[in-house]
Amino acid sequence: MRPFSARETVREILAKAVGELVAEGVVGAVAPEAISVERAKRAEHGDFASNIALALAKPAGKAPRVVAEAIVARLPRGGSSPIVEASVAGPGFINVRLAPVFWQETLAEILAAGDDWGRAPTRTAPKILLEYLSANPTGPMHVAHGRHAAVGDALARLLRFAGYPVTSEFYVNDAGNQVHMLAQSVWARYMETARAADPAVPTVPFPENGYKGDYVRDFGRTLFARDGARWVGAAPPSDIEPIRSFAIAESLGIIRATLERFDVAFDVWQSERALHEAGDVAETLAALDAKGFIDRHDDAVWLKTTALWGDDKDRVVVKSDGLPTYLLADIAYHRKKLARGFDELCDIWGADHHGHIARMQAALKAFGEDPARLRVILIQIVSLLRDGKPVAMGKREGEFVTLDEVVSEVGRDATRYFYLMRRHDTPLEFDLELAKRQSLDNPVYYVQYGHARCAAIRRRAVEMDAPQRPPLSPELAAELALPEELAILRRLAEFPDFVADAAAAREPHRLTTYVADLAGEFQSYYTQLQKVHDDTILPQERHRTGDWQATWDWRKTAARLYWIDAIAQVMRNALGLLGVSAPESMPRPPTTTKEDDS
RNA sequence: GCGGCCAUAGCUCAGCUGGAUAGAGCAUCGGUCUACGGAACCGAGGGCCGGGGGUUCGAAUCCCUCUGGCCGCACCA
């Protein structure tokens, strides 16, 4: 069976050649997957390059070029081998060029695979629990949450596509101070509404650090509309529980609606309160205590973090009021996740939580677990730009821009694409003007336009009532002989490698780079075909004279139409992993003429 | 003070886990042009990859150190 990517094909052939040398005792053994194969950066180097000779030479006490020559001598060329050319370059690189036929054959594979082109075979391990977003249920999501949602969801899609078993999970922080404060804020707003209806209702002060957003007023009004004056007599905090539950449910409702609109779905919603109620938190405390990591003084319970991982001071896990801290709950949560049978806990956190990583990993160590099983992806801040200037966001006063507002303004596709354009650990500047611009300097528009253009060409081909397309055969695919056509075929063939690499690195943003490069390469080809090669995919007006239908090269057109189908397919697959749609056509902006400028 | 992240073209950023001559988009300047969707394309200029040291055949990438920026170091989450 043919390996699922070009790179793997080359790796396999190299491994065989190296294996022969190993058997002859020329070099030491090496695992096939340890043989590095990279796509060549320069066309004159061929398609792929390997530094395996450089790696093997030193331990064997041989000159790298000599080892490289020996490997190259064992690489089959021509005939049934996909390799047409192999050479030694520089200090000992092995450059390999594959036959055009090899790339042409991938065309049929891509079209046959369709939506599955790039999908890796399913694996059983590692089982990954991807926990992300986990926004406090205290109000609407803002722009920073949006980046978490976009990255997390794209990563989930990417990992699944790359064959990993993944469960996505939203951890609901429905216990602790934040939701308590929300409940008090809602109650205060509720009292305002109640007083408006009945002046006899007493005035209550709004909590000092309460949630001041307008949505809290809405919650208060909704509560009053539902329950009337029932909670007027309630004096927080003794009887606040029903109000807290109400506020959490309302917040989660808002969050779920936003996520649905943003096309983000979670497999599991895990409640923190449920962990407390099930006794997981208490049990974790007892387990830590049994291992001697717990200290009690000053009315509080302490985790001996100084002893555990050289922290500068011990940390409180149960406050003097008897309530557990988030640290203890989080330890219990992660312990529980491992107990649920996951091999890797992949968490996406805000960069301001980085200090927490070492603590959580050490906590895993306390239970005898490998700390590396917790893999944390830190997301840097997002700043919105309008007219080139940052949009002020004072979270304290509740004046933040919500994710809903951004999506409403620039659309879901642009929002997701922009969030995914940058590596997650670098701060992101989100240019609202650029994101909603319907022109090709907008990266997401440019990429989508590339797909729409493919679709337009197909539509035109149908309208033109060309002869029926012959089935795709190797002979037909051989019509794709231009260097640009082969280069794009190569890029399409590499898509599975990009998917595998991006998934292994947990870096979905690489797909934006890939799809933007592909779109750019296609646009360039499209224009250059006519300018440089004086050729077109479909016959133009000027071609349609005389007996043009008999003389036009319909075979080449047919091959190129299959090829364009494949380009559109790969664009769809890549955009699908990003959660961005691939439109069949783009809205036409108003055309401006030169006369309008004066 | 301790710890983490970052520093690449004028601007915004890639750079595929150590490879060959560091790339793209904007912006600037110049060009193509009866045009399949020109809403396009091509080219040029622009870089001591923050500074210094080290590891090695080879470093933007790994280690040390300095500088500058962001962020953590609660009986908040």
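Below, read A as the first sequence line, B as the second, and so on, with proteins coming before strands; counting in each chain starts at 1.
- Ring pair A:Trp548/A:Trp554 is tilted by interplanar angle, where 30° to 60° counts as tilted.
- Distance A:Arg460 CZ to B:G37 C1': 9 Å, rounded to the nearest Å.
- Considering only the side chain of A:Asp441, B:C26 comes nearest among B:A14, B:C26, B:A35.
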Check step by step if salt bridge (Lys or Arg N to Asp or Glu O under 4.0 Å) holds for A:Asp47 and A:Arg490. CA-CA 8 Å; A:Asp47 293 316; A:Arg490 190 180 94 167; 3.1 Å; yes
Its dot-bracket string being built from Watson-Crick and G-U pairs below 3.5 Å, with | for another strand and [ ] for crossing, RNA chain B has the pattern (((((.(..((((.....[...)))).(((((.......))))).....(((((..]....)))))).)))))....
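- The distance from atom NE2 of A:His424 to atom P of B:C6 is 10 Å, rounded to the nearest whole Å.
- Here the two rings, on A:His148 and A:His145, have centers that are 6.0 Å apart or farther.
- Going from atom CZ of A:Arg423 over to atom C1' of B:C13 covers 10 Å, rounded to whole Å.
- Between B:G3 and B:U8, the distance separating the two C1' atoms is 26 Å to the nearest Å.
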Go along nucleotides 16-22 of chain B 5' to 3' and tag each nucleotide: B for a protein heavy atom under 4.0 Å from its base, S when only backbone or sugar atoms are that close, - otherwise. BB-BBB-
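- The same atom, C1', is picked in B:G45 and in B:G23; the two are 16 Å apart, to the nearest Å.
- A cation-pi geometry, defined here as NZ or CZ lying under 6.0 Å from the six-membered ring centre and within 45° of its normal, does not hold between A:Arg437 and A:Tyr445.
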Before you tell me yes or no, could you show the steps for A:Glu131 and A:Ser134 under side-chain hydrogen bond (donor to acceptor under 3.5 Å, both in side chains), namely the whole-Å CA-CA distance, both residues' side-chain angles and the distance that decides it to 0.1 Å? CA-CA 7 Å; A:Glu131 183 224 319; A:Ser134 300; 2.8 Å; yes
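- The nucleotide whose nearest atom lies closest to any side-chain atom of A:Arg459 is, among B:G37, B:U32, B:A39, B:G37.
- Checked against a 6.0 Å centroid threshold, the rings of A:His356 and A:Tyr326 count as neighbours.
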B/S/- along nucleotides 72-77 of chain B (protein heavy atoms under 4.0 Å) is SSSBBB
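- Taking atom P on both B:C42 and B:U56, the two are 44 Å apart, rounded to the nearest angstrom.
- Under the 4.5 Å side-chain criterion, counting only non-hydrogen atoms from C-beta, A:Ile71 is in contact with A:Ile52.
- The shortest distance between side-chain heavy atoms of A:Leu511 and A:Thr513 does not fall below 4.5 Å.
- A:Tyr525 has its OH atom 15 Å from the P atom of B:C41, to the nearest Å.
- B:A60 and B:C26: their C1' atoms are spaced 23 Å apart (whole Å).
- Across the interface with RNA chain B, nearest-nucleotide mapping of A:Gly520 and A:Thr536 shows A:Thr536 to be the residue nearer the 5′ end.
- Nucleotides B:G1 and B:G68, compared at atom P, are 11 Å apart to the nearest Å.
- At whole-Å resolution of the value, NZ in A:Lys531 and C1' in B:G31 are 13 Å apart.
- The residue A:Arg437 sits apart from the nucleic acid: no heavy atom pair falls under 4.0 Å.
- In this structure, the ring of A:Tyr419 has its center less than 6.0 angstrom from the ring center of A:Phe430.
- A:Ser36 comes within contact range of no nucleotide atom at all, as no heavy-atom separation falls under 4.0 Å.
- Residues meeting the ring pair (Phe, Tyr, Trp, His ring centres under 6.0 Å) test with A:Tyr333, sequence neighbours left out: A:Tyr171.
- Taking atom P in both B:G50 and B:C11, one finds a spacing of 14 Å when rounded to whole Å.
- Straight-line distance between the C1' atoms of B:A9 and B:G15: roughly 14 Å, to the nearest whole Å.
- For B:U21, the base is anti relative to its sugar; the glycosidic angle deviates from 0 by more than 90°.
- Remark: C1' of B:U34 and CG of A:Asp534 are 13 Å apart, rounded to the nearest angstrom.
- Relative orientation of the A:His424 and A:His509 rings is perpendicular, given thresholds of 30° and 60° on the angle between their planes.
- Using atom C1' as the reference point in both B:G25 and B:G46, the two lie 15 Å apart (nearest Å).
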Derivation of the salt bridge (Lys or Arg N to Asp or Glu O under 4.0 Å) call for A:Lys304 and A:Asp295: CA-CA 7 Å; A:Lys304 291 198 260 186; A:Asp295 214 1; 5.2 Å; no
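- Contact between the side-chain N/O atoms of A:Tyr446 and the OP1/OP2 oxygens of B:C41 is found at a separation under 4.0 Å.
- Comment: A:Arg560 engages A:Asp535 in a salt bridge, judged by a side-chain N to carboxylate O separation of less than 4.0 angstrom.
- Residues that satisfy the salt bridge (charged side-chain N to carboxylate O under 4.0 Å, His left out) test with A:Arg506, not counting sequence neighbours, are A:Glu344.
- Side-chain atoms of A:Tyr526 stay outside donor-acceptor range of the base of B:A40, with no qualifying N/O pair under 3.5 Å.
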Does the salt bridge (Lys or Arg N to Asp or Glu O under 4.0 Å) test come out yes or no for A:Glu507 and A:Arg423, once each step is laid out? CA-CA 7 Å; A:Glu507 290 183 356; A:Arg423 231 178 39 228; 5.2 Å; no
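- A heavy atom lying under 4.0 Å from RNA chain B marks the following residues of residues 425-432 of chain A, by number: A:Asp425, A:Thr426, A:Pro427, A:Glu429.
- At a threshold of 4.0 angstrom between heavy atoms, the contacts of A:Leu434 with the nucleic acid are absent.
- At a cut-off of 3.5 Å, with distance as the only test, a side-chain donor of A:Thr306 or A:Asp314 sits close to an acceptor on the other residue.
- Between A:Leu529 atom CG and B:A40 atom P the separation is 18 Å, expressed in whole Å.
- With rounding to whole Å, A:Leu420 atom CG is found 21 Å from B:U12 atom P.
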